[in-house]
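Have a look at the structure below before the remarks.
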Amino acid sequence: MPDKKDNLYNAIYDVVRSVPEGRVTTYGAVAAAIGAKSGARVVGYAMNLCHGIVPAVPAHRVVNRNGMLTGKHHFSPPELMQQLLEREGVVVHDDKIVGFEQLLWEPLKEL
DNA sequence: TACCTGACGGGCC
DNA sequence: GGGCCCGCCAGGT
């Protein structure tokens with residue numbers, strides 16, 4: 001695997017796209033799924049670059065460890081993240097996922 | 001061209 | 001129990 005880094009990002013997008021509708025995952029869960037233990041942050045960087053990626057990466061289903069929509073500010077408009085989640089049946093209150101632990105979808109556990 | 005900041009999380013003091 | 005620090009990549013200024 002010469003393009004390890006490239007595959008890393010590709011793996012991140014693949015995992016995020018594997019998240020079922022109405023479910024959410026965390027940066028740490030994705031990072032653990034791809035073996036990037038050093039960086040939940042790397043997942044965040046990948047999300048930052050998801051702009052223009054096809055097929056579209058459902059970054060709105062990725063939240064931080066607290067279940068908060070930390071990256072909503074990167075959407076346009078920011079409310080779009082919550083809108084998409086609510087559209088899928090996910091209840092969001094105060095930028096936080098209601099019943100987050102129940103909706104949490106862990107790749108390592110489910111995959 | 002170089003520095004800095006930014007979607008996180010876990011470990012250590 | 002709480003707060004601080006470190007690790008990682010890439011793009012913008």
Side-chain angles (χ1 to χ4, degrees):
Chain A
M1 304 198 163
D3 302 340
K4 198 178 291 180
K5 269 194 270 193
D6 198 51
N7 286 336
L8 176 65
Y9 277 48
N10 190 33
I12 292 172
Y13 298 135
D14 186 57
V15 172
V16 176
R17 285 180 311 205
S18 299
V19 179
E21 185 179 290
R23 297 282 189 210
V24 294
T25 190
T26 66
Y27 297 97
V30 176
I34 63 176
K37 69 174 197 167
S38 338
R41 231 176 196 188
V42 180
V43 179
Y45 298 137
M47 297 293 102
N48 194 10
L49 301 174
C50 80
H51 179 65
I53 299 293
V54 285
V57 180
H60 60 276
R61 292 182 193 151
V62 184
V63 296
N64 69 348
R65 211 19 203 143
N66 292 304
M68 274 192 265
L69 283 55
T70 53
K72 74 167 195 171
H73 247 296
H74 286 254
F75 287 79
S76 45
E79 296 86 43
L80 181 64
M81 187 174 186
Q82 184 174 329
Q83 291 284 301
L84 290 170
L85 288 171
E86 291 185 327
R87 181 184 288 180
E88 294 179 359
V90 179
V91 182
V92 180
H93 182 65
D94 191 47
D95 298 344
K96 183 181 64 183
I97 304 232
V98 179
F100 168 65
E101 293 182 10
Q102 295 180 79
L103 297 171
L104 178 59
W105 185 84
E106 299 179 87
L108 284 176
K109 196 173 175 183
E110 305 289 333
L111 220 52

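Throughout, a chain's letter reflects where its sequence line sits, starting with A, and its residues are numbered from 1.
- Going from atom CD1 of A/I53 over to atom C1' of C/dG11 covers 14 Å, rounded to whole Å.
- For A/R87, the CZ atom is loosely surrounded, since the number of other residues' heavy atoms within 6.0 Å does not exceed 12.
- Comparing the C1' positions of B/dG10 and C/dA10 gives an interatomic distance of 23 Å, to the nearest angstrom.
- A heavy-atom distance below 4.5 Å is found between the side chains of A/Q82 and A/L69.
- Taking the C1' atom of each, C/dG3 and B/dA7 are spaced 22 Å apart, rounded to whole Å.
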Contact string for nucleotides 3-8 of chain B, one letter per nucleotide 5' to 3', B = base within protein heavy-atom range under 4.0 Å, S = sugar-phosphate only, - = neither, reads ---BBB
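- Put simply, the side chain of A/V15 reaches to within 4.5 Å of the side chain of A/I34, judged on heavy atoms.
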Tell me, with the steps shown, if A/I97 and A/V90 meet side-chain contact (heavy atoms from CB on, under 4.5 Å). CA-CA 7 Å; A/I97 304 232; A/V90 179; 3.8 Å; yes
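- Under the side-chain hydrogen bond (donor to acceptor under 3.5 Å, both in side chains) criterion, A/D95 pairs with A/K72, not counting sequence neighbours.
- A salt bridge is absent between A/R23 and A/E88; no separation between the charged side-chain nitrogens and carboxylate oxygens falls under 4.0 Å.
- Atom pair A/E106:CD and B/dG9:P shows a separation of 12 Å (rounding to whole Å applied).
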